[in-house]
Amino acid sequence: MRHWKSAVGLVLTGVMLFPVYWMINVSFTRDTDMRKSPPNWFPADGTLDGYRAVLDQQLPYLGVSLVVGLGTVALTLLLAAPAAYSLAKLRPRGGGALSFVLLIAQMIPGIIMAMGFYAIFLSTGVLNTVPGLIVADSTLAVPFAVLILTTFMSGIPEELLQAARTDGAGVVRTFWSVVLPVSRNSIITVSLFAFLWAWSDFIFASTLDQGGDHQPITLGIYHYIGNNNQEWNAIMATAVIASVPATILLVVAQRYVAAGVTAGAVKD
């Protein structure tokens, strides 16, 4: 029975990972073989032209995505960590209503938020800028981050905070020296998701940064696609390169994410 379940699991895993394999296969396929029927299941006569195109044309887009991703993480933590500490331990008036609003905020479609940001950014002069894109991407990550961090910080023993207060630590010192180090797993979790959301964002990028001088990698891939000229090996090569940072982060942070998303689910 166990072997049967393992076989089914392997088959389902293969089905889910097949698009990834096909993306890699196409990235090595020559233009002349792109519409071959039947297609080449393995890049026997492969080419590196797509990857050369990435190095020649896509590196600036990758750099912008890296800046936007790291900026989104920094802004998200700057806003979400203090807010979560306040909701979890300081319990301000109206905290329950605020948590409900944050939950509702995650249900708003991104395109609606993008149109609202477009009007605001146009009037404030930050349209088609990297800082504007960072602010927009952070609006997706902050509600999620506050909810995750609040759940974790609620489970921090009051005795630990009381000990810090007894030693003379104020609210800010307790937050900085006690709460943040203890919340490492949840902080890594929300940082990872914030970076991935910013890295893979297309709606905000295409709406708020379409005419900017510095555009993220999602727009770089989009620019490859034209009505009459589709460089699929370059498109897929760009997608492969763009997926490498996310894959590395997921592998490195896997155990922290597993601990962070289940934090607060049970009590001792």
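In this text, all values refer to a predicted model and were calculated from it rather than measured experimentally.
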K.L.:
Between S65 (side chain only) and L62 (backbone N and O only), is there a donor and an acceptor less than 3.5 Å apart?
P.N.:
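Not confirmed, S65 side chain does not pair with L62 backbone.
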
K.L.:
Please verify the inter-ring angle class for F42 with Y21; under 30° counts as parallel, over 60° as perpendicular, anything in between as tilted.
P.N.:
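If you compare the ring of F42 with that of Y21, the planes turn out perpendicular.
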
K.L.:
Look at the rings of W41 and F18 and say which category their plane angle falls in: under 30° parallel, 30 to 60° tilted, over 60° perpendicular.
P.N.:
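W41 vs F18 ring planes: tilted.
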
K.L.:
What's the separation between atom OG in S183 and atom CD1 in I187, rounded to the nearest 0.5 Å?
P.N.:
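Separation between the atoms: 5.5 Å.
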
K.L.:
Locate the shortest heavy-atom distance separating V135 from L75; write the atom from each residue and the value.
P.N.:
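Heavy-atom minimum between the residues: CA-CD2, 4.1 Å.
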
K.L.:
Within this structure, what is the CG-OG1 distance for the pair D201 and T207, rounded to the nearest 0.5 Å?
P.N.:
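So the gap between those two atoms works out to 8.5 Å.
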
K.L.:
Kindly work out whether a path of hydrophobic side-chain contacts (I/L/V/M/F/W/Y, heavy atoms less than 4.5 Å apart) joins M115 to M113.
P.N.:
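In one cluster: no.
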
K.L.:
CZ/F195 to OG/S200 distance, rounded to the nearest 0.5 angstrom?
P.N.:
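It comes to 10.0 Å.
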
K.L.:
Can you hop from L140 to L78 via hydrophobic side chains spaced under 4.5 Å?
P.N.:
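No; tracing contacts between hydrophobic side chains, which count when under 4.5 Å, never links both residues.
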
K.L.:
Going only through I, L, V, M, F, W and Y residues with side-chain contacts under 4.5 Å, is there a path from L250 to M16?
P.N.:
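As far as the 4.5 Å side-chain criterion goes, M16 and L250 are not connected within one cluster.
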
K.L.:
State the CG-CZ distance between L127 and F117, to the nearest 0.5 angstrom.
P.N.:
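Separation between the atoms: 12.0 Å.
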
K.L.:
Among L133, N128, I134, find the residue that satisfies the side chain to side chain contact (heavy atoms under 4.5 Å, CB included) test when tested with V130.
P.N.:
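Among the candidates, only I134 passes.
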
K.L.:
Please, which pairs that meet salt bridge (Lys or Arg N to Asp or Glu O under 4.0 Å) have at least one residue in residues 52-75, sequence neighbours excluded?
P.N.:
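Checked against salt bridge (Lys or Arg N to Asp or Glu O under 4.0 Å) - neighbours excluded - the pairs reaching residues 52-75 are D49-R52.
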
K.L.:
Would you give the length of the straight line joining atom OH of Y61 to atom CD1 of I221, rounded to the nearest 0.5 angstrom?
P.N.:
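Here the interatomic distance stands at 11.0 Å.
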
K.L.:
Which heavy atom of M153 sits nearest a heavy atom of A88, and at what distance?
P.N.:
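Between these two residues, the closest heavy atoms are CB-CB, 3.7 Å.
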
K.L.:
Hey, does the side chain of S86 reach the backbone of P82 with a donor-acceptor pair shorter than 3.5 angstrom?
P.N.:
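Side chain of S86 to backbone of P82, a donor-acceptor pair under 3.5 Å: no, none is there.
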
K.L.:
Check whether any side-chain N or O of S243 sits under 3.5 Å from a backbone N or O of V240 as a donor-acceptor pair, and report yes or no.
P.N.:
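Yes: the side chain of S243 pairs with the backbone of V240.
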
K.L.:
If you look at every heavy atom in S99 and L147, which pair is closest and at what distance?
P.N.:
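Taking S99 first and L147 second, the nearest heavy atoms are O-CD2, 4.1 Å.
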
K.L.:
Could you tell me whether the side chain of T72 reaches within less than 4.5 Å of the side chain of W199, counting heavy atoms only?
P.N.:
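Of all side-chain heavy-atom pairs linking T72 with W199, none is under 4.5 Å.
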
K.L.:
When rounded to the nearest 0.5 angstrom, what is the spacing between CD1 in I156 and OG1 in T174?
P.N.:
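Rounded to the nearest 0.5 Å, the CD1-OG1 separation comes out at 11.0 Å.
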
K.L.:
Following the transitive rule for hydrophobic clusters with a side-chain heavy-atom cut-off under 4.5 Å over Ile, Leu, Val, Met, Phe, Trp and Tyr, establish whether L79 and I108 coincide in one cluster.
P.N.:
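L79 clusters together with I108.
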
K.L.:
Side-chain heavy atoms under 4.5 angstrom apart, residues restricted to Ile, Leu, Val, Met, Phe, Trp, Tyr: same cluster for V252 and V244?
P.N.:
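The answer is yes; both residues are in one hydrophobic cluster.
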
K.L.:
Verify the neighbour count for atom CZ of R165: are there more than 12 heavy atoms of other residues, nucleotides or ligands below 6.0 Å?
P.N.:
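Check passes, neighbour count above 12.
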
K.L.:
Where do A136 and L208 come nearest, in terms of heavy atoms and distance?
P.N.:
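Scanning both residues, the minimum pair turns out to be CB-CD1, 3.6 Å.
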
K.L.:
Using the ring of each side chain (for Trp, its six-membered ring), is W197 parallel, tilted or perpendicular to F193, with breaks at 30° and 60°?
P.N.:
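W197 and F193: tilted rings.
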
K.L.:
Do Q58 and I241 have side-chain heavy atoms sitting under 4.5 Å apart?
P.N.:
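Q58 does not reach I241 side chain to side chain.
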
K.L.:
Can you classify the ring geometry of Y51 versus F28 as parallel (below 30°), tilted (30 to 60°) or perpendicular (above 60°)?
P.N.:
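Rings of Y51 and F28: tilted, 30 to 60°.
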
